[in-house]
Q: 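Dropping a structure here in structure tokens format, bear with me for questions.
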Amino acid sequence: MDCIFCKIVGGEIPSYKVYEDDNVLAFLDITPVNPGHTLVIPKKHYENLFDLPEEEAKKLIVAIKKIAPAVLAGTGAKGFNLGLNNGGTAGQIVNHIHFHIMPRFENDDYELWHGQAYMDGQAAEVLEKIKNNL
Ligand code: 5GP
Ligand code: ZN
């Protein structure tokens, strides 16, 4: 399997490692949104959130809770965005699940998504469709 993040886990491709334990690796993103932008991945290859077993998910979130405060303290950022691009439509380029910890600074000029109000009846309609699939 030709996975760039598996190669990083295996040491075939170098990375700036932020954190490592038996299950999780965190390293600096090569093209950071801001300096300190960190990717957190399971060492085992899972493509996306749907493939990720619950135990692995827990370990990832626990690691993120540990790493994010260090990213803030180390960069001086006061907040961060936690990102998961799940699937190509959502911008996932590397098909090995990874969470982005993106430190944010005042006036760093990044914007969040712009939402728009529902049309009449649209919220109830989509809600029903989602709930029917739970
Ligand atoms: P995605 O769009 O899949 O959520 O994000 C993939 C991220 O991986 C991008 O932010 C990109 O900069 C980062 N990336 C891609 N290749 C490498 C690499 O070889 N090393 C590191 N450290 N980051 C990478
Ligand atoms: Zn992989």
Side-chain angles (χ1 to χ4, degrees):
M1 182 172 37
D2 197 27
C3 171
I4 204 160
F5 287 178
C6 283
K7 287 181 179 163
I8 287 176
V9 171
E12 289 170 63
I13 294 177
S15 66
Y16 290 99
K17 284 185 191 169
V18 173
Y19 171 83
E20 183 171 19
D21 62 30
D22 288 347
N23 305 285
V24 175
L25 178 67
F27 52 95
L28 295 182
D29 194 297
I30 205 167
T31 51
V33 159
N34 275 320
H37 179 167
T38 297
L39 301 177
V40 187
I41 69 171
K43 285 186 169 176
K44 282 192 213 157
H45 183 96
Y46 302 102
E47 186 166 330
N48 57 40
L49 195 64
F50 305 131
D51 303 329
L52 189 70
E54 278 187 20
E55 280 310 310
E56 292 273 7
K58 280 184 204 161
K59 287 168 183 163
L60 272 182
I61 294 296
V62 168
I64 287 166
K65 279 174 64 71
K66 188 185 295 227
I67 296 160
V71 170
L72 295 191
T75 62
K78 295 282 182 284
F80 67 95
N81 293 108
L82 181 63
L84 169 66
N85 299 329
N86 203 72
T89 311
Q92 183 173 6
I93 292 167
V94 179
N95 289 323
H96 181 139
I97 187 172
H98 49 282
F99 285 93
H100 297 251
I101 298 173
M102 294 168 279
R104 295 296 305 273
F105 301 90
E106 295 288 341
N107 307 316
D108 65 11
D109 281 344
Y110 290 115
E111 290 187 24
L112 294 181
W113 298 272
H114 294 290
Q116 46 190 320
Y118 281 108
M119 293 182 292
D120 272 357
Q122 196 184 14
E125 189 187 327
V126 73
L127 176 67
E128 192 61 22
K129 287 180 182 167
I130 292 169
K131 286 168 74 173
N132 285 342
N133 283 284
L134 282 174

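Order of listing sets the numbers, starting from 1, for every ligand and every atom in it.
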Q: Which atom name does His45 have for its N/O/S atom nearest to the Zn ion (ligand 2)?
A: ND1
Q: Closer than 4.0 angstrom: is that true for some heavy atom of Lys7 and an atom of ligand 1?
A: no
Q: Rounded at 0.5 Å granularity, tell me how far CG in Leu28 sits from OG1 in Thr38.
A: 5.0 Å
Q: Which atoms of ligand 1 have any heavy atom of Ile4 under 4.0 Å away?
A: 19 (O)
Q: Can you tell me how the ring of His96 sits relative to the ring of His45, calling it parallel under 30°, perpendicular over 60° and tilted otherwise?
A: perpendicular
Q: Heavy-atom contact under 4.0 Å between Leu39 and ligand 1?
A: yes
Q: Rounded to the nearest 0.5 Å, what separation is found between the CD1 atom of Ile93 and the NE2 atom of His98?
A: 8.0 Å
Q: For the backbone of Glu47 and the side chain of Gln92, can you confirm whether one donor and one acceptor N or O come within less than 3.5 Å of each other?
A: yes
Q: Do you know the tightest heavy-atom contact between Pro42 and Leu52?
A: CG-CD1, 4.1 Å
Q: About how many Å separate CG of Leu60 and CG of Leu84, when rounded to the nearest 0.5 Å?
A: 10.0 Å
Q: Has ligand 1 got any nitrogen or oxygen that is less than 3.5 angstrom from a nitrogen or oxygen of Leu28?
A: yes
Q: To the nearest 0.1 Å, how far is atom 14 (N) of ligand 1 from its closest protein heavy atom, and which atom is that?
A: Ile30 CG2, 3.8 Å
Q: Got a salt bridge between Glu55 and Lys58, using NZ or NE/NH1/NH2 to carboxylate O under 4.0 Å?
A: yes
Q: With a 4.0 Å cut-off on heavy atoms, is His37 touching ligand 1?
A: no
Q: Taking 4.0 angstrom as the limit and counting only heavy atoms of Ile93, give me the atoms of ligand 1 inside it, by number and element.
A: 1 (P), 2 (O), 3 (O)
Q: Using a 4.0 Å cut-off to any heavy atom of Asn85, which atoms of ligand 1 qualify?
A: 1 (P), 2 (O), 4 (O)
Q: Should Thr75 and Asn34 count as side-chain neighbours, where that means a heavy-atom distance under 4.5 Å?
A: no
Q: Under 4.0 Å from a heavy atom of Thr31: which atoms of ligand 1 are those, numbered in the order shown and with their elements?
A: 11 (C), 12 (O)
Q: Polar contacts were defined as any N/O atom of the residue lying under 3.5 Å from an N/O atom of the ligand; does this apply to Val94 and ligand 1?
A: yes
Q: Please could you name the atoms of ligand 1 that Ile8 approaches to less than 4.0 Å, counting only its heavy atoms?
A: 20 (N)
Q: Where do Lys7 and Asp2 land on the side-chain contact (heavy atoms from CB on, under 4.5 Å) test, with the steps shown first?
A: CA-CA 8 Å; Lys7 287 181 179 163; Asp2 197 27; 2.6 Å; yes
Q: If hydrogens are left out, which of Gln92, His96, His98 has an atom nearest to atom 4 (O) of ligand 1, that is, the closest non-hydrogen atom?
A: His98
Q: Is Tyr16 close enough to touch ligand 1? Criterion: a residue heavy atom under 4.0 Å from a ligand atom.
A: no
Q: More than 12 heavy atoms of other residues, nucleotides or ligands under 6.0 Å from CG of Asp120: is that the case?
A: no
Q: Consider ligand 1: state whether an atom of it lies below 4.0 angstrom from any non-hydrogen atom of Gly91.
A: yes
Q: Looking only at N/O atoms, are Asp29 and ligand 1 under 3.5 Å apart anywhere?
A: yes
Q: Which heavy atom of Ala63 sits nearest a heavy atom of Tyr19, and at what distance?
A: CB-CE2, 4.0 Å
Q: Is it the side chain, the backbone, both or neither of Phe5 that has a heavy atom closer than 4.0 Å to ligand 1?
A: side chain
Q: As a test of reading the structure, name the N/O/S atom of His96 that is nearest the Zn ion (ligand 2).
A: ND1
